[in-house]
Amino acid sequence: MKILLHACCGPCASAALPVLAGKGDEVAMFYSNSNIDTEEEFERRLESARRLAAADGVEIVADVYDHADWLEKVAKGFENEPEKGARCRRCWEYSLRRTAEYAASRGFDAFSTSLTTSPHKPSPAVFEAGEKAGAGRFLAVDFKKNGGFLVSTRRSAELALYRQKYCGCEFSRRALRGGRDGG
Ligand code: SF4
């Protein structure tokens with residue numbers, strides 16, 4: 001199968017790529033993350049994702065960065081939601097919808113997401129967002145299973161990938177001040 005992997009960041013994708021490659025799938029990465037609060041941070045995470053793609057010999061495509069659109073369509077009215085709440089579910093669906101559209105336009109059989117690598121992202125809720133976004137083309141894989149998060153920390157150290165301290169949007173920076181760590 002030809003699969004488009006939505007890459008939320010290099011570290012999470014570093015655990016997802018070997019799982020998909022191990023199943024014999026042909027994989028490309030799609031970096032779509034308009035949820036990130038600044039372009040500087042978007043580029044910093046993209047650079048890490050590109051480094052991973054080069055190491056694993058995988059093609060990577062970067063989506064446009066449009067945080068204003070994300071604020072309007074995802075966050076408006078949901079600014080005070082806690083992490084893992086309604087804003088986050090809308091956020092995952094937003095990026096996965098863009099991934100699904102790109103996958104369909106380029107002849108991919110399915111798409112998936114590295115979001116499930118993170119212990120901060122409940123996989124069943126991410127799957128729900130993927131299914132809403134993907135009209136039957138979403139491949140639900142729980143990349144945190146079988147020590148996936150440990151794989152991501154090991155590979156991130158080996159490849160010197162940048163590991164962010166907050167999820168992405170400005171609202172998750174508030175949570176960082178409250179002690180939250182990681183994407
Ligand atoms: S906390 Fe993370 S998942 Fe939730 S809305 Fe912000 S960027 Fe998206």
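The analysis underlying the following values was restricted to heavy atoms, covering all of them including side chains, and did not include hydrogens, waters or symmetry mates. Every number for a ligand or one of its atoms is a count from 1 in the order of the listing.
Counting the atoms of ligand 1 from 1 in the order shown, those under 4.0 Å from a heavy atom of W92 are 3 (S). Every atom of ligand 1 is numbered from 1 in the order shown, and the set under 4.0 Å from a heavy atom of C169 is 1 (S), 5 (S), 6 (Fe), 7 (S).
Cluster membership check: V27 shares its hydrophobic cluster with I60, using side-chain heavy-atom separations under 4.5 Å among Ile, Leu, Val, Met, Phe, Trp and Tyr.
Inclusion of C88 in the first shell of atom 4 (Fe) of ligand 1 is supported: an N, O or S atom falls under 2.8 Å.
Judged by the 6.0 Å and 45° rule, R45 forms a cation-pi pair with Y166.
The ring pair (Phe, Tyr, Trp, His ring centres under 6.0 Å) pairs that include a residue from residues 1-34 are F30-Y102, Y31-F42, where partners are two or more places apart or lie in different chains.
Looking at R98 and D69, no side-chain N of the basic residue comes within less than 4.0 Å of a carboxylate O on the acidic one, giving no salt bridge. Here E158 pairs with R154 in a salt bridge; the nearest charged N to carboxylate O distance falls below 4.0 Å.
The proximity of F171 to ligand 1, defined as any non-hydrogen pair under 4.0 Å, does not occur for either the backbone or the side chain.
Judged by the shortest distance from any of its heavy atoms, Y94 lies outside the 4.0 Å radius around the atoms of ligand 1. The shortest separation from a heavy atom of Y166 to ligand 1 is not under 4.0 Å, leaving the residue out of contact.
Evaluated by nearest non-hydrogen atom to atom 2 (Fe) of ligand 1, the leading choice among G85, C167, S172 is C167.
Under the side chain to side chain contact (heavy atoms under 4.5 Å, CB included) criterion, R137 pairs with F111, sequence neighbours left out.
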